[in-house]
Amino acid sequence: MKFHPRKTFFYFVFNKIDTKNTIFLRKLIKYTIFDKKHNKLMKSLRTIALKEAQNRISPEVKSPSTKISDFFGANVFDKKKMRDFLSKDVYEKLISSINQGELINAEDANQIATAMKSWAMAAGATHYTHWFQPLTGTTAEKHDSFFEPSGEGAIEKFAGSALVQQEPDASSFPNGGIRNTFEARGYTAWDPSSPAFIMESKAGKTLCIPTVFVSYTGEALDYKAPLLKALAALDKAAVDVCQYFDKSITKVNASLGIEQEYFLVDESLFNARPDLLLTGRALFGHMSAKGQQLEDHYFGSIPERVFTYMVDFENEALKLGIPLKTRHNEVAPSQFECAPIYEEINLAIDHNQLLMDLMEKVARRHHFRVLLHEKPYAGINGSGKHNNWSLITDTGKNLLAPGKTPKNNLMFLAFFVNTIKAVSEHADLLRASIASVSNDHRLGANEAPPAIISIFLGSQLNDVLDEIEHSRISKKIKEDNALWLGIPKIPQILLDNTDRNRTSPFAFTGNKFELRAVGSSANSSAPMTILNAIMAEQLVKFKGEVDKLIKKGDKKDIALLTVIKKYIKESKAIRFEGNGYSQEWEDEAATRGLSNIKTTPKALDAYLTEKSAELFATTGIYSAREIHARHEIMLENFYKKLQIEARVMGEVANTAIIPAVIAYQNSLIANVKGLKELGVDSKSSLEIVKKLSEHLDIVKTNIDAMLEERKVTNKLEDTREKAIAYDEKVKSYFDTIRYHADKLEQIVDDSVWPLPKFRELLFMK
């Protein structure tokens with residue numbers, strides 16, 4: 001029989017897997033040649049992948065030092081290096097720019113650029129790049145060399161103008177209609193508040209300069225620019241409210257700690273699964289008999305090969321100043337987590353974006369692939385990115401940490417209750433900020449917060465707010481800490497005095513709020529821009545109401561407490577202390593008037609409401625043109641990812657699963673014929689053939705119908721209509737196709753099944 005590689009599943013894989021895996025490819029080609037005598041494949045791709053995975057040897061990993069403090073931030077142009085390379089005057093101006101946002105003049109920019117170049121070249125860097133975060137969801141960079149030819153040979157040069165601004169092509173990045181393809185100009189502009197760093201690889205080192213990315217006409221084309229605007233708005237609004245309590249406070253920073261969950265899978269097994277390769281999740285696969293039901297993986301002993309990988313990427317992260325603190329096994333098999341210490345929010349997000357890129361690069365050294373998809377495997381827990389958010393003053397006070405004195409308690413209450421009120425007012429917008437095609441699989445799946453936005457406070461603080469709501473505000477206040485009539489005494493809240501509620505999307509956990517609904521693959525800038533923006537708007541409104549009461553003659557503390565009490569009543573519906581996974585909560589949430597928007601295309605509508613438009617206008621974060629563009633981009637991203645999933649599902653079913661089933665079915669038919677010739681009853685074999693045919697027919701019929709539905713949907717011109725059609729029509733075939741394909745997996749001879757199974761993907765470490 002002549003071998004036709006283009007007609008086989010293996011041709012599909014040859015053209016998709018990473019060409020770096022040349023050894024694996026050579027073995028694959030060797031083993032997928034037909035034995036002419038026996039007219040069958042000698043070995044399958046899955047067999048080779050399993051053999052490769054079983055024989056892995058972890059590379060040796062050496063830490064730069066036994067003390068992390070010896071190499072932490074070694075590849076970062078941090079304050080210590082700034083002092084070493086800059087004059088005192090320019091150093092102080094740069095620090096002022098970082099802390100206060102003051103402009104840097106051209107002369108000082110030249111000195112800073114020269115200092116960066118000297119430091120970077122001393123460390124071995126030959127190139128520099130403006131590192132930015134376009135609306136693709138990943139990071140981007142264009143490298144330029146320090147080298148420049150001159151009349152006397154060559155020199156290394158890096159001017160202040162190159163530091164401050166660059167001009168990458170903006171035409172091919174998502175822009176939502178802001179730019180035409182022929183309008184290519186776009187600008188990256190230096191963000192001094194996030195330090196430059198050196199990215200290392202075996203081939204060389206590059207100086208990376210964090211930047212914003214804007215169009216030629218000034219609209220933001222990235223995640224960072226709107227975030228910086230939201231943080232500036234929050235800083236001003238928070239400082240104004242702080243002045244009621246402490247005149248020495250002149251700045252408030254939002255802080256963030258991002259817990260990153262992820263899965264690991266062996267590289268060979270990954271390459272043998274086109275669905276994982278192209279979509280990040282397994283579109284087919286029957287759940288392994290053993291999953292997470294024994295709860296033995298969570299916080300268990302870290303597998304040695306995984307541990308070696310963790311140490312390697314942690315070392316790289318620590319050199320880049322990413323303060324990783326925690327590592328552990330997560331709930332699902334082959335799921336893990338890492339988490340840093342809290343940082344200023346802009347820096348924390350830059351570090352998380354850098355970390356995700358780093359994790360993927362280092363994984364390849366260990367023949368792993370990182371799965372950051374929110375739901376790579378059906379039937380077990382998905383992955384999130386818990387965002388732990390708080391507000392810190394320049395005097396070192398955490399505004400969400402209750403104090404011991406009534407006055408401090410009142411300050412805490414002001415920010416605590418305003419946060420609740422802000423989320424209550426803009427719950428749908430916060431829901432929209434965490435919406436994505438991949439996160440839709442996770443939200444409300446009895447493993448993550450539901451799509452209903454609610455707030456968990458814990459019984460102690462919940463009781464405090466109830467007490468304030470129902471208490472009478474006294475007009476006579478004694479100025480002593482022993483008794484302050486009208487203000488309930490709030491005990492000091494220790495970190496472990498507030499229980500955790502894993503079913504709540506937004507929970508107070510002692511001295512911070514934890515937004516648990518963010519997806520593991522997301523850029524946290526999107527939800528954090530919204531959270532900080534709604535908080536800024538709310539604090540401005542709060543100050544306006546308090547000042548109005550003071551002008552009417554109320555004492556300041558009475559005015560503060562009066563407005564706080566009002567907000568407690570108005571936002572009570574969003575507070576929920578129970579099980580967010582239950583049907584009872586869905587029913588109760590509906591009676592409270594809370595939204596339960598389960599799919600992304602409809603959730604994204606919240607960006608375009610009048611309330612949202614007013615928020616963005618008053619805070620100056622998005623223009624109307626920018627927000628409509630982002631809405632368009634998010635809808636396009638949604639339907640295009642479903643489009644890819646539909647195409648992959650069709651290709652894998654038609655070129656891998658169906659041929660394997662037919663081959664096995666033919667062998668059974670031959671077996672039945674042989675048994676009949678011997679006069680042996682073949683009832684069992686015939687029953688298996690019948691089941692195979694039934695499942696096969698349903699798979700093929702639904703694949704064809706799905707592909708036809710996709711053709712119809714692709715003709716729709718309105719982006720929102722197309723996204724909804726992909727979600728409600730094209731995607732509606734997925735579960736049926738998968739269910740019957742997975743039934744086939746349970747029947748077909750294990751040696752014939754072409755795709756690595758869940759037991760192999762999850763338990764081969």
Side-chain angles (χ1 to χ4, degrees), residues 233-252 254 390-425 455 457 460-493 508 511-513 532 534-572 574-575 618:
L234 176 63
D235 175 25
K236 184 180 185 308
V239 168
D240 286 346
V241 173
C242 284
Q243 294 296 299
Y244 288 132
F245 309 97
D246 186 346
K247 298 291 186 183
S248 67
I249 295 173
T250 60
K251 187 170 180 59
V252 173
S390 193
L391 300 171
I392 312 297
T393 71
D394 55 353
T395 61
K397 180 171 180 57
N398 183 342
L399 295 172
L400 293 177
K404 296 181 179 180
T405 66
K407 192 169 185 178
N408 282 337
N409 284 339
L410 188 57
M411 186 177 187
F412 159 74
L413 279 173
F415 285 92
F416 180 66
V417 172
N418 270 286
T419 304
I420 298 169
K421 174 68 170 171
V423 174
S424 176
E425 288 294 315
I455 299 177
L457 303 180
Q460 189 179 36
L461 281 170
N462 204 50
D463 290 345
V464 167
L465 295 194
D466 285 343
E467 183 181 347
I468 295 172
E469 179 188 352
H470 296 104
S471 64
R472 183 179 64 85
I473 299 176
S474 173
K475 299 297 182 180
K476 296 181 179 179
I477 298 177
K478 293 184 178 181
E479 300 294 340
D480 63 270
N481 289 339
L483 180 64
W484 204 8
L485 296 177
I487 300 180
K489 183 178 181 182
I490 304 171
Q492 186 177 18
I493 306 296
F508 187 72
N511 61 358
K512 63 188 185 301
F513 279 97
N532 288 287
I534 64 177
M535 188 61 175
E537 179 195 54
Q538 183 55 49
L539 290 172
V540 170
K541 289 180 178 179
F542 174 71
K543 186 175 188 303
E545 292 193 51
V546 171
D547 287 349
K548 189 175 181 180
L549 290 176
I550 292 173
K551 286 181 180 179
K552 285 184 177 180
D554 283 355
K555 290 185 178 180
K556 180 184 68 176
D557 295 325
I558 292 295
L560 286 164
L561 195 57
T562 299
V563 179
I564 287 170
K565 181 175 180 176
K566 173 175 173 281
Y567 286 174
I568 290 172
K569 290 180 180 179
E570 292 174 346
S571 60
K572 191 170 185 178
I574 205 165
R575 287 158 45 199
T618 56

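A distance of 10.0 Å separates CD1 of I568 from NE2 of H470, quoted to the nearest 0.5 Å. Residue C242 holds its SG atom at 4.5 Å from CG of L399, rounded to the nearest 0.5 Å. The CG atom of L560 sits 10.0 Å away from the CG atom of L413 when rounded to the nearest 0.5 Å. To the nearest 0.5 Å, atoms CD (E537) and NZ (K541) are separated by 4.0 Å. The OG1 atom of T562 sits 10.5 Å away from the CG atom of D557 when rounded to the nearest 0.5 Å. A distance of 10.5 Å separates CD1 of I558 from NZ of K565, quoted to the nearest 0.5 Å.
Between V241 and V252 there is no side-chain heavy-atom pair separated by less than 4.5 Å. You'll find the side chain of L465 reaches within 4.5 Å of the side chain of R575, heavy atoms only. Within the 4.5 Å cutoff, the side chain of L457 has no heavy atoms near those of the V464 side chain. Side-chain atoms of D554 and V546, non-hydrogen and from C-beta on, never get closer than 4.5 Å to each other. Contact annotation: the side chain of E425 never approaches that of S571 to less than 4.5 Å [non-hydrogen atoms, C-beta and beyond]. Counting heavy atoms from C-beta on, the side chains of L234 and L539 come closer than 4.5 Å. Within the 4.5 Å cutoff, the side chain of M535 has heavy atoms near those of the L391 side chain.
Side-chain atoms of K556 come within 3.5 Å of backbone atoms of Y244 as a donor-acceptor pair (strictly under, hydrogens ignored). Counting only distance, with no hydrogens or angles, the side chain of N398 and the backbone of N511 share a donor-acceptor pair below 3.5 Å. Remark: side-chain polar atoms of D394 are paired, donor with acceptor, to backbone N or O of T250 under 3.5 angstrom. Formation of a donor-acceptor pair under 3.5 Å by the E545 side chain with backbone atoms of A559 is not found in this model.
Shortest non-hydrogen contact noted between I249 and Q243 is O-NE2, 2.7 Å. When all heavy atoms are compared, the tightest approach of S248 to T395 is OG-CG2, 3.7 Å. Minimum interatomic distance between A237 and A536 (heavy atoms only, all atoms of both residues): CB-O, 3.5 Å.
K236 has a carboxylate O that lies under 4.0 Å from a charged side-chain N of D240, or vice versa, which qualifies the two as a salt bridge.
Below 30°, between 30° and 60°, or above 60°: for F508 and F412 the angle between ring planes is between 30° and 60°, a tilted geometry.
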(request) Verify side chain to side chain contact (heavy atoms under 4.5 Å, CB included) between V417 and I468, making sure each step is shown before the conclusion. (result) CA-CA 11 Å; V417 172; I468 295 172; over 6 Å; no
(request) Report the C-alpha separation of L461 and F416 in whole Å, then their side-chain angles, then the decisive distance to 0.1 Å, and conclude whether the side chain to side chain contact (heavy atoms under 4.5 Å, CB included) test is met. (result) CA-CA 10 Å; L461 281 170; F416 180 66; 3.8 Å; yes
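The environment of NZ in K572 is crowded: more than 12 heavy-atom neighbours from other residues, nucleotides or ligands sit within 6.0 Å.
Partners of F415 according to the ring pair (Phe, Tyr, Trp, His ring centres under 6.0 Å) rule, which considers only residues two or more places apart in sequence or in another chain, do not exist here. In this structure, the side chain to side chain contact (heavy atoms under 4.5 Å, CB included) partners of E570, at least two apart in sequence or on a different chain, are K421, K566, Y567.
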